[in-house]
Amino acid sequence: MNRSSRIAGFYNKTLSERVETVARWAELTEEETSTLRGGMGLGQERAAEMIENVVGLHALPLGIAVNFLINGRDVLVPMAIEEPSVVAGASFAAKLARSQGGFKATTSAPEMIGQIQVLDLADPYTARFDILAARDALLQRANETDPVLVGLGGGARDLDVRVIETSPVGPMVIVHLIVDCRDAMGANTVNTACEALAPHIERITGGRVLLRILSNLADRRLAQAHCTVPAETLAFESFSGQEVIQGIVEASAFATADPYRAATHNKGIMNGVDAVVLATGNDWRAVEAGAHAYAARKGCYGSLSHWAQGAEGNLVGTLEMPLSVGIVGGATRVHPTAQVAIKILGVETGRDLAEIIAAVGLAQNLAALRALATEGIQKGHMQLHARQVSIAAGASGKEIEEVARAMVNEGTIRPDRAEAILASLRSKPLAERFRTNRER
């Protein structure tokens, strides 16, 4: 099917029209389309099966980022998020990158690390040697815990053994079990394998195994994204393309050098990343933990992305981060909306999903830096935020846009002003309100 994610005017379509557009794009069934409309989504009974003590549901808006071209394929990207400007920003940045082929993304093998902590050792280095000598037998035992994964081409790949000489409780040996999880996130698989190895490692070393648990610093499961944006594409209003590039490069350097800036810089990246992770039913907390740990891997917290001016004068951006996501198992398998999101994305493997997420993170970063380095982040963000303030003040229907527009024109976006503007609006006779709307 020949499709383009460059859908002009998608934002201006009605909610119903957007649903129909996405349904046609992804060839959704009537039931899947109903899920997007809220009719067949997560119900209380299914929710009660997912976690404990369920008393209700908590919904988030599900938006679609358009314009994405990733590895030569057009993609519509579902994003679950409550913050305004994120979906719009990602869509706009994706449009900027399209002229140079969009985003290129790659991933490493989907390998996760399970950690086994060994204590009370007479000689940690001898224990390390003995564990490595039993490597093949330990890997075989780990693979026996999940023959299905092994049959799919995954399974235990290697052992790495480290000695921590000094800690508050003395020396310890840490065994890293490396497991290829294929299209799953892999937490349950890795934890089960670590549990199975614990008694064997105790017999080999004579020590005491305490923790047996997955590490969320998934630095063997990396995703990279890259894009090039021509200078002329970045020019707008009074800003030349060269000025925009210089501002973005200087802002990127700030994030590289300063952890206080890097934290907010990376939060902007995670705005895009988390929204897709959440939409697809993956563990956004695990992804967040891994991303921030990776950002600090050199001993000082830094940026996950890098922006520079290329040899031809274009803006060039790269992003690298751990992405432990899957398309099977967990909430992805049981949450109806997550299943629809996976279908809209058209992914066939967990690595496909990780590549898309990395591209969205880089796009979100580009949108934020472009705004920060030129007109400031508040102009566009507050225009969208004004809608939320209007709704919170009680506006509905066409009132939302009218109240938001009035606050933006004033340059004052506060709940008290929204309430006052709404009260004034509602005090006008209906005929006058209708005439004003028609004139606009």
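A donor-acceptor pair under 3.5 Å is formed between the side chain of Thr192 and the backbone N or O of Asn188. A donor-acceptor contact shorter than 3.5 Å links the side chain of Ser390 to the backbone of Ala404. Between the side chain of Arg221 and the main chain of Ser324, no donor-acceptor pair closer than 3.5 Å is present. With Glu399 contributing its side chain and Arg426 its backbone, the two residues share no donor-acceptor pair below 3.5 Å. Asn365 contributes no side-chain N or O that, together with a main-chain N or O of Asn266, makes up a donor-acceptor pair within less than 3.5 Å. Remark: side-chain polar atoms of Arg157 are not paired, donor with acceptor, to backbone N or O of Asp180 under 3.5 angstrom. Remark: the backbone N or O of Leu96 is not paired with any side-chain donor or acceptor of Thr233 at under 3.5 angstrom. A donor-acceptor pair is defined here as one N or O able to donate and one able to accept, closer than 3.5 Å; no such pair exists between the side chain of Arg37 and the backbone of Ser34. The backbone N or O of Tyr11 sits less than 3.5 Å from a side-chain atom of Arg18, completing a donor-acceptor pair. Of the possible polar contacts, one joining the Asn409 side chain to the Arg405 backbone as a donor-acceptor pair under 3.5 Å is found.
Pairs of residues two or more places apart, or lying in two chains, never qualify as ring pair (Phe, Tyr, Trp, His ring centres under 6.0 Å) while including a residue from residues 304-359. The ring pair (Phe, Tyr, Trp, His ring centres under 6.0 Å) contacts involving residues 39-88 comprise Phe68-Phe103, where partners must be two or more places apart or lie in separate chains. Within the structure, every pair that satisfies the side chain to side chain donor-acceptor pair (under 3.5 Å) test and touches residues 242-255, not counting sequence neighbours, is listed here: Ser240-Glu243, Gln242-Gln309, Gln246-Glu250. Residue pairs meeting the salt bridge (charged side-chain N to carboxylate O under 4.0 Å, His left out) criterion with at least one partner in residues 324-349, sequence neighbours excluded, are Glu32-Lys343.
Remark: Asp283 pairs with Arg285 by the salt bridge (Lys or Arg N to Asp or Glu O under 4.0 Å) rule, at least two apart or across chains. Scanning for side-chain contact (heavy atoms from CB on, under 4.5 Å) contacts around Ala291 gives Met270, Leu304, Met321, with sequence neighbours left out. Applying the side-chain contact (heavy atoms from CB on, under 4.5 Å) test to Leu278 and every residue at least two apart in sequence or in another chain returns Leu60, Ala80, Trp284. By the salt bridge (Lys or Arg N to Asp or Glu O under 4.0 Å) test, Asp74 pairs with Arg98, sequence neighbours left out. A search for salt bridge (Lys or Arg N to Asp or Glu O under 4.0 Å) contacts involving Arg417 returns Glu410, not counting sequence neighbours. The salt bridge (Lys or Arg N to Asp or Glu O under 4.0 Å) check on Arg220 picks up Glu111, with sequence neighbours excluded. Among residues two or more places apart in sequence or in another chain, the side-chain hydrogen bond (donor to acceptor under 3.5 Å, both in side chains) test is passed with Asp416 by Arg414. Annotation: ring pair (Phe, Tyr, Trp, His ring centres under 6.0 Å) contacts of Phe254 (sequence neighbours excluded): none.
A cation-pi arrangement is absent between Arg370 and Phe92, since the terminal nitrogen or guanidinium carbon is not both under 6.0 Å from the aromatic centre and inside a 45° cone about the axis.
Counted within 6.0 Å of CD on Glu232, heavy atoms from surrounding residues, nucleotides or ligands total more than 12; the atom is thus considered enclosed.
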(request) Test Asn191 against Ile213 for side chain to side chain contact (heavy atoms under 4.5 Å, CB included), laying out the working first. (result) CA-CA 5 Å; Asn191 291 341; Ile213 184 69; 3.6 Å; yes
(request) Might you work through the side chain to side chain contact (heavy atoms under 4.5 Å, CB included) test for Val389 and Met407, ending with a clear yes or no? (result) CA-CA 10 Å; Val389 175; Met407 287 192 295; 3.9 Å; yes
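Using modelled atom types and a 3.5 Å distance limit, the side chains of Glu355 and Asn71 yield a donor-acceptor pair. In the model, Ser215 has no side-chain atom that pairs as donor or acceptor with a side-chain atom of His176 under 3.5 Å.
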